[in-house]
Amino acid sequence: MNLFKKTYWLIYPILIVLFMFIFDHFYKTNSFLLKGGICAVLAFILSPRKKIIHTQTGAVKQITWLFLKKPIVID
């Protein structure tokens with residue numbers, strides 16, 4: 001989990017590239033803007049979110065993701 005805490009921001013560009021390959025394989029289109037837009041929206045929906053939660057001890061940053069059961073605390 002320590003590695004995920006440091007490199008969670010890399011998931012968004014990796015998902016875009018992955019969806020570009022998948023989209024290019026199944027749908028043959030020449031419009032790069034359409035393909036890039038659809039892939040960016042899918043990557044944004046599936047990427048992890050960073051939230052600031054206010055607790056009694058102060059503000060804490062958390063990473064929540066669709067595929068994780070519990071949020072990860074950064075600070």
Side-chain angles (χ1 to χ4, degrees):
M1 283 297 169
N2 240 355
L3 181 65
F4 186 75
K5 286 182 185 180
K6 294 178 185 175
T7 60
Y8 70 92
W9 54 271
L10 278 175
I11 292 175
Y12 186 69
I14 291 171
L15 282 175
I16 289 177
V17 171
L18 179 72
F19 287 138
M20 287 286 255
F21 284 130
I22 292 171
F23 192 77
D24 195 36
H25 183 68
F26 288 116
Y27 300 106
K28 303 296 182 193
T29 182
N30 292 333
S31 176
F32 181 75
L33 290 176
L34 177 68
K35 192 174 11 176
I38 292 172
C39 294
V41 168
L42 284 173
F44 180 74
I45 291 171
L46 294 177
S47 65
R49 305 277 187 264
K50 184 169 70 169
K51 297 179 184 177
I52 297 177
I53 306 294
H54 297 286
T55 62
Q56 291 178 349
T57 59
V60 176
K61 293 180 188 174
Q62 286 185 347
I63 299 173
T64 57
W65 197 18
L66 179 68
F67 304 113
L68 292 176
K69 291 183 180 179
K70 292 194 246 179
I72 298 172
V73 177
I74 295 177
D75 292 330

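Everything quoted here is computed from the prediction, not taken from an experiment.
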Can you list everything that forms a side-chain contact (heavy atoms from CB on, under 4.5 Å) with Thr57? Sequence neighbours excluded, please.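 Residues passing side-chain contact (heavy atoms from CB on, under 4.5 Å) with Thr57: Thr55.
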
Tell me, yes or no, whether the heavy-atom count around Lys70 atom NZ, taken from other residues, nucleotides or ligands under 6.0 Å, exceeds 12.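 It does not: Lys70 NZ has 12 such atoms or fewer within range.
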
So, taking the atom named CD1 in Ile72 and the one named NZ in Lys61, what distance separates them when rounded to the nearest 0.5 Å?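 The NZ atom of Lys61 is 15.0 Å from CD1 of Ile72, to the nearest 0.5 Å.
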
Could you tell me the separation between the CG atom of Leu15 and the CD1 atom of Ile22, rounded to the nearest 0.5 Å?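 Atom-to-atom, Leu15:CG and Ile22:CD1 are 9.5 Å apart.
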
Would you give me the side-chain donor-acceptor pairs under 3.5 Å for residues 40-52, sequence neighbours excluded?
unit_1: Ser47; atom_1: OG; unit_2: Ala43; atom_2: O; d: 3.4
unit_1: Ser47; atom_1: OG; unit_2: Phe44; atom_2: O; d: 3.1
unit_1: Ser47; atom_1: OG; unit_2: Arg49; atom_2: NH1; d: 3.1
unit_1: Arg49; atom_1: NH1; unit_2: Phe44; atom_2: O; d: 2.9
unit_1: Arg49; atom_1: NH1; unit_2: Ser47; atom_2: O; d: 3.1
unit_1: Arg49; atom_1: NH2; unit_2: Phe44; atom_2: O; d: 2.8
unit_1: Lys50; atom_1: NZ; unit_2: Tyr8; atom_2: OH; d: 3.4

For the hydrophobic clusters of this structure (ILVMFWY residues joined by side-chain heavy atoms under 4.5 Å, transitively), does one cluster hold both [X] and [Y]?
| X | Y | answer |
| --- | --- | --- |
| Phe32 | Tyr27 | no |
| Ile63 | Ile11 | yes |
| Phe67 | Leu18 | yes |
| Ile74 | Trp65 | yes |

Please name the pair of heavy atoms, one in Gln62 and one in Pro71, separated by the smallest distance, quoted to 0.1 Å.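 Closest approach of Gln62 to Pro71, heavy atoms only: OE1-CB, 3.8 Å.
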
Over all atoms of both residues, closest heavy-atom pair of Lys28 and His25: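 Taking every non-hydrogen atom into account, NZ-O, 3.8 Å.
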
Could you list who else is in Phe21's hydrophobic cluster, with ILVMFWY side chains joined at under 4.5 Å, directly or through other members?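 Phe21 shares its hydrophobic cluster with Val17.
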
Centroid-to-centroid, Phe19 to Phe23, below 6.0 Å?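 That pair fails the under 6.0 Å test.
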
